[in-house]
Number of protein chains: 2
Amino acid sequence: MPSQPHKASRLKRVTLADIAARLGVTKVTVSRALNQPEKVSAAMRERVTECARELGYMPNRQAGSLASGHSRLIALLIPSLSNAVFSELHRGLEAPLAAAGYQLLIGHTGYSMQEEERLIETWLSFGIDGLVLCGSRHSPRTREMIARSGCAVVECMEKRETPLDMAVGLDQHAAGRAMTEAMIALGHRHIGFLGARMDRRVEQRLGGWRAAMEAAGLSQQALLTTDAPSSVRMGGELLDEMLTRWPETQAVFCCNDDLAAGGLFECQRRGLSVPDQLALAGFNGLEMTRGTWPPLASVVTPRREIGERAAALLLARLSGDLDATPHGLWEDLGFSLQTGGSLSS
Amino acid sequence: MPSQPHKASRLKRVTLADIAARLGVTKVTVSRALNQPEKVSAAMRERVTECARELGYMPNRQAGSLASGHSRLIALLIPSLSNAVFSELHRGLEAPLAAAGYQLLIGHTGYSMQEEERLIETWLSFGIDGLVLCGSRHSPRTREMIARSGCAVVECMEKRETPLDMAVGLDQHAAGRAMTEAMIALGHRHIGFLGARMDRRVEQRLGGWRAAMEAAGLSQQALLTTDAPSSVRMGGELLDEMLTRWPETQAVFCCNDDLAAGGLFECQRRGLSVPDQLALAGFNGLEMTRGTWPPLASVVTPRREIGERAAALLLARLSGDLDATPHGLWEDLGFSLQTGGSLSS
DNA sequence: ATGAAAGCGCTAACAA
DNA sequence: TTGTTAGCGCTTTCAT
């Protein structure tokens with residue numbers, strides 16, 4: 001590694017040894033006073049904390065982790081920073097993990113398995129104790145590294161019959177099917193599907209739409225997908241194309257709420273009334289769906305609860321409650337439908 | 001620290017020593033073959049990489065960092081995970097830092113100075129080499145820890161006359177003023193301001209609105225703010241209240257695009273035509289503003305460029321180009337106005 | 001309640 | 001090109 005002139009200019013680091021020397025005790029005592037205060041006399045505790053404060057001591061956790069073999073670090077890998085779904089997953093994880101003394105790291109994969117692999121390699125080499133992943137698609141090397149490391153893992157969001165270790169989420173296929181069935185039940189026959197950023201979860205939702213349409217004997221013709229990132233604007237463009245190609249369309253199921261919001265704006269642009277002339281539904285039930293006009297119908301997914309449950313599983317695993325949380329565990333947290341609004345008045 | 005039964009169950013870690021023993025050389029040689037391949041014979045390089053692969057070797061970066069004194073880790077602290085502004089800042093940082101061999105850590109402060117302090121303490125104790133912060137408000141302890149550590153720092157987004165080290169962003173006050181002046185130039189007299197999540201940047205934008213209104217001799221009465229998080233829904237609620245209390249309002253400047261989008265939906269709910277009956281503007285110029293109908297007027301901020309510039313400054317500092325990047329440096333990357341659409345047809 | 005010794009896995013500086 | 005010697009700062013035993 002190259003030299004680092006900048007750091008060279010800093011003050012010398014204060015270490016346990018400095019405190020120990022100043023107090024005429026050994027490093028062990030100082031370490032205990034700071035990390036296991038009950039194992040040290042009240043007087044000593046007092047003197048050590050006072051001196052640490054005075055000198056501006058900051059522990060070196062690299063050294064600590066190296067010596068102890070664990071870091072109290074848990075990494076969360078999310079596909080997208082701007083997708084509110086993952087920020088709510090994060091919210092669910094953060095509090096319980098922090099309460100148990102774990103620090104949550106956030107990594108950004110950009111929906112790339114390769115980037116996921118790179119990040120996991122980095123995190124593992126920094127000694128993380130646990131890992132939270134989104135989805136169930138991982139490279140072979142990712143699987144191998146995780147297995148070797150013995151790191152606790154939870155896979156989130158989608159159904160996972162054979163998890164790497166533990167998994168918690170919902171059945172995206174069933175959710176897609178349920179919403180489509182609701183649309184059919186409202187009397188719609190020409191129901192289109194709009195999908196962007198076609199990752200596994202979106203494909204599962206699409207599968208649900210297909211299953212429902214097929215079961216009802218309806219045409220699966222009005223289908224438009226793109227691998228490009230999902231966005232409000234993309235929703236408008238896709239809906240425009242759909243209405244141009246299949247003008248008979250009565251209802252559109254969008255693979256997420258951003259797309260559906262864009263669809264809502266496109267309807268305004270065209271002067272189409274929602275839901276009277278066109279019914280619209282999204283997926284995830286983000287906060288936004290209750291701020292649009294009309295309110296957006298959507299499949300509400302328990303993102304935050306998934307995070308909370310994932311945290312609980314991780315903590316159980318890390319604390320050694322092995323029997324209570326069997327490997328291969330899969331928990332289904334379900335979903336619910338938010339109808340009305342953009343679907344029916 | 002508590003015991004860790006889970007990790008105990010894993011395979012023994014493969015270390016440099018294992019490879020060295022197997023090859024009948026010393027650890028140093030193996031370390032060199034892996035990290036400074038040019039310092040070792042081609043044959044040796046070959047044997048080492050092969051053996052490392054075979055044994056599934058994964059370096060321990062805690063040990064490496066501890067020994068070398070640097071980690072090649074840079075932390076980015078963002079106030080909100082779901083705000084697209086910060087995800088684009090991240091995007092700007094990521095590529096250049098990765099290209100230079102640095103790993104970017106993401107931390108989430110939730111707009112809390114205290115959480116920022118806690119995170120910085122954690123990251124510093126894990127030996128980060130650089131730090132990217134949003135904004136210029138930091139607790140005294142945060143400043144002190146950063147100073148002691150000698151860690152390179154860039155403060156992003158807002159104007160900063162006296163940075164901790166380096167800063168890059170834009171003048172939020174001037175941006176707020178410019179948009180307000182544009183609204184005035186369009187002939188509007190009753191211009192309201194809507195603000196949520198009143199952090200420093202939003203306060204500066206509000207200050208810009210005030211300055212422009214005052215300069216034009218207009219009333220600053222139509223002002224509604226809340227400390228609650230910003231959201232589409234909140235935008236609708238605030239606009240509803242504003243139009244109820246000040247029915248004469250002709251134009252509304254929202255402190256960000258989410259709020260403005262909510263305002264757009266509220267106008268639909270009320271059957272108000274935008275911009276004919278009410279003009280609307282947001283702030284940031286997110287992708288979304290080009291997906292609404294009508295397209296949303298907004299102040300376009302160079303978030304991505306700020307990230308790229310921050311990365312460049314950090315790398316310059318870390319590589320020792322001290323003279324080229326003076327401490328106390330502040331770079332203004334400006335802004336631009338996106339008008340038309342929701343502001344005027 | 002405190003200490004002594006040993007070592008976590010790696011890299012830096014210097015030798016050969 | 002490769003090896004030797006010393007740590008980095010902390011936490012573990014195991015003693016006392």
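Quick caveat: nothing in here was measured; it's all calculated off a predicted structure. Here is the naming used below: chain letters follow the sequence lines, and residue numbers restart at 1 for every chain.
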Q: Check whether any side-chain N or O of B:T26 sits under 4.0 Å from OP1 or OP2 of D:dG3, and answer yes or no.
A: yes

(Q) Check this for me, if you would: do A:E115 and A:R118 make a salt bridge, where the nitrogen-to-carboxylate-oxygen distance has to be below 4.0 angstrom? (A) yes

Q. Do B:R137 and B:E116 sit within salt-bridge range, that is, some charged N less than 4.0 Å from a carboxylate O?
A. no

Produce the list of close N/O pairs, under 3.5 Å, pairing protein atoms with atoms of nucleotides 14-16 of chain C; give distances to one decimal.
none

Q: Looking only at side-chain atoms of A:K27, point me to the closest of D:dC10, C:dG9, C:dG3.
A: D:dC10

(Q) OP1 or OP2 of C:dT11 versus the side-chain N and O atoms of B:S31: is any pair under 4.0 Å? (A) yes

Q. If every non-hydrogen atom of A:V30 is compared with every non-hydrogen atom of A:V25, which pair is closest and at what distance?
A. CG2-CG2, 3.9 Å

Q.
Between A:P79 and A:F86, is there a side-chain heavy-atom distance shorter than 4.5 Å?
A. yes

Q | B:C156 versus B:A310, closest heavy-atom pair with distance | A | SG-CB, 3.9 Å

**Q.** Selected nucleotide, minimal atom distance to A:V28 side chain, candidates C:dC10, D:dG3, D:dT13
**A.** D:dT13

Q) Can you tell if the side chain of B:M166 reaches within under 4.5 Å of the side chain of B:V168, non-hydrogen atoms only? A) no

Q | Whole-Å distance separating the CG atom of B:L34 from the P atom of C:dT11 | A | 9 Å

Q) Starting at CG of A:L23 and ending at P of C:dA1, how long is that distance when rounded to a whole Å? A) 17 Å

Q. Of all the base pairs, Watson-Crick or G-U under 3.5 Å, which form stems of three or more consecutive pairs involving DNA chain C?
A. C:1-11 with D:6-16, C:13-16 with D:1-4

Q: To the nearest Å, give me how far apart CZ (A:F126) and P (C:dG9) are.
A: 16 Å

Q: Calculate the interatomic distance between B:R61 atom CZ and C:dC8 atom P; express it in whole Å.
A: 21 Å

Q. Side-chain donor-acceptor pair under 3.5 Å between B:E155 and B:S136, yes or no?
A. no

**Q.** Nucleic acid contacts - residues 37-49 of chain A versus DNA chain C, non-hydrogen atoms under 4.0 Å
**A.** A:K39, A:V40, A:S41, A:M44

Q) What's the CD-C1' distance between A:Q36 and D:dT11, to the nearest Å? A) 9 Å

Q: Heavy atoms only: give me the nearest A:M145-A:I120 pair and the separation to one decimal.
A: CE-CG2, 4.2 Å

**Q.** d(CD, A:Q62; P, C:dC10) in whole Å
**A.** 14 Å

Q: Figure out the CG/P separation between B:L16 and C:dG9, and round it to whole Å.
A: 10 Å

Q | D:dC8 OP1/OP2 closer than 4.0 Å to side-chain N/O of A:N60 | A | no

(Q) Could you check whether any side-chain heavy atom of B:R61 comes within less than 4.5 Å of a side-chain heavy atom of A:T122, counting everything from C-beta outward? (A) yes

Q) What pairs with B:A52 under side-chain contact (heavy atoms from CB on, under 4.5 Å), at least two apart in sequence or on another chain? A) B:I19, B:Y57

Q) From C:dG9, D:dG9, C:dT11, pick the nucleotide closest to the side chain of A:A67? A) D:dG9

Q) Would you say D:dG9 has OP1 or OP2 under 4.0 Å from some side-chain N or O of A:Y57? A) no

Q) Just how far, in rounded Å, is C1' of C:dG9 from CG of B:D18? A) 11 Å

Q) Which nucleotide, D:dT2, D:dG9, C:dT2, lies nearest any side-chain atom of A:L66? A) D:dG9

(Q) Strictly by salt bridge (charged side-chain N to carboxylate O under 4.0 Å, His left out), give each pair with a member in residues 47-58 of chain A just once, sequence neighbours left out. (A) A:R22-A:E54, A:E50-A:R53

Q) Under the ring-ring contact (aromatic ring centres under 6.0 Å, His included) rule, what pairs show up with a residue in residues 103-123 of chain B, not counting sequence neighbours? A) A:H90-B:H108

